[in-house]
Protein chains: 2
Amino acid sequence: MAISKKGTSIQQVEPDEKEPTSVAGLVLENRLGYALRRAQLAVFKHFNEAMQEHEIRPAQFSSLVVIEGYPGITQTNLAKVLDIDPPRIVSLINNLEERGLALRVRCKRDKRSHGIFLSKKGEALTEQLKELAEQSDINATQALSEIERRQLLSLLVKIYAADTIEE
Amino acid sequence: MAISKKGTSIQQVEPDEKEPTSVAGLVLENRLGYALRRAQLAVFKHFNEAMQEHEIRPAQFSSLVVIEGYPGITQTNLAKVLDIDPPRIVSLINNLEERGLALRVRCKRDKRSHGIFLSKKGEALTEQLKELAEQSDINATQALSEIERRQLLSLLVKIYAADTIEE
DNA sequence: CGAATATAGTTATAGTTGTTAACTAGATGA
DNA sequence: TCATCTAGTTAACAACTATAACTATATTCG
């Protein structure tokens, strides 16, 4: 295996003088997947800080919002909407139920399935969390104007909506 | 704990008739963090499919590209640039080295640090992968025009660049 | 009817990833 | 020289995701 720099078998080499601190100028700078990942991590970091005192993780927040929007939704449908696997829903709902935020109600027509509802406490918390999330998004994207933020959102939705449909 | 619907203790409830299949209409639709996550997963799915035959994971690809751009970069700097923890770099580089794609060269001035270089094989593969990645990004974002894609990229970079600096 | 098949939810398991703490070798600076 | 710092490493661990298999109900159809 040859070192590419000279093609000779160098044993001791100086590391490059430049000390890059960003991916500026590299192909990575133009890679959508990479940019999405980095931006997502940055935004999630803010989100997690904002939610820390309520001990709410991103997937829990999403679940709360969906249950609020569709009270009585079954676990299977919740899994579909959030595009996560059914086994993950179980522990997610277990946790919300243990904390008194949500509850399963066995459906009398189909006794296999459970409708999921928010408790009063869950509803109140969800309202509060939605505001925190809104604020957290804005904090995480200070570099963007309100118009840019909306533009970004609409572009992102186009991507994942298209991708969800074609499956 | 009361069920919010009526405030009474319902034991058997019909699940909602509607069967939602997307987050359309919910607050989630307007949450930047959620949209970023979903879009990122969609794009990564394409990426992973494209890279499958080469057995290259996203972080490995990113590493190859950065090493190509900064031959002789130290592991510490690579970690900084990619914003990942030093321990992760170790197994990452181990893997690339075992596969003959990259190699560590001990720096003679500071014998603690290693410069990392691509082998000829690594360089050739990286060239190939960059094209695959480019194509994969385009496939994953068929719903976007070329202009929109560039817009999106610039918005994303603004977010994570700002976030990286302030630390 | 009742046997075969399908579905909702669950459990267990394991692979993968990211995080933290602590260690070694070498460098630096008083 | 001694104390402190840094680069890389190792190991332990927590979190997340995916898969397989199990239970209970439901449905289909001969």
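Throughout, a chain's letter reflects where its sequence line sits, starting with A, and its residues are numbered from 1.
Going from atom NE2 of A:His114 over to atom C1' of C:dT7 covers 13 Å, rounded to whole Å. The interatomic distance linking A:Arg106 (CZ) with C:dT7 (P) rounds to 19 Å, in whole Å. Whole-Å rounding puts the A:Gln40 CD to C:dG18 C1' distance at 13 Å. Distance, B:Arg88 CZ to C:dT16 C1': 10 Å, rounded to whole Å. Summarising the geometry, the separation between CZ on B:Phe44 and P on D:dA18 is reported as 14 Å, rounded to the nearest angstrom. The CG atom of B:Asp85 sits 7 Å away from the P atom of C:dT20 (whole-angstrom rounding). In this structure, CD of A:Gln75 is placed 6 Å from C1' of C:dG9, rounded to the nearest angstrom. Atom-to-atom, CD1 of B:Ile84 to P of D:dG8 comes out at 13 Å; the value is rounded to the nearest Å.
With the nearest nucleotide of DNA chain D identified for both B:Leu41 and B:Val90, B:Val90 has the one nearer the 5' end. The 5' end of DNA chain C is approached more closely, in terms of each residue's nearest nucleotide, by A:Ile93 than by the other of A:Ile93 and B:Asp110. When each of B:Pro87 and B:Arg57 is assigned the nucleotide of DNA chain C bearing its nearest heavy atom, the one mapping closer to the 5' terminus is B:Arg57.
For the OP1/OP2 pair of C:dA25 and a distance below 4.0 Å, the side-chain nitrogens and oxygens of B:Arg112 include no atom meeting the criterion. A sub-4.0 Å separation between OP1 or OP2 of C:dG18 and a side-chain N or O of A:Arg37 is present. At the phosphate of D:dG8, OP1 or OP2 sits under 4.0 Å from a side-chain N or O atom of B:Thr76.
Between A:Leu82 and B:Tyr34, the closest side-chain pair of non-hydrogen atoms falls below 4.5 Å. Taking 4.5 Å as the limit, every side-chain heavy atom of B:Leu96 sits out of range of all side-chain heavy atoms of B:Leu92.
With hydrogens and angles ignored, the 3.5 Å screen pairs a side-chain donor or acceptor of B:Asn48 with a backbone N or O of B:Phe44. Looking at A:Lys121, its side chain does come within 3.5 Å of a backbone N or O of A:Arg99 through a donor-acceptor pair.
Crowding of B:Glu146 atom CD: a count of heavy atoms from other residues, nucleotides or ligands under 6.0 Å exceeding 12.
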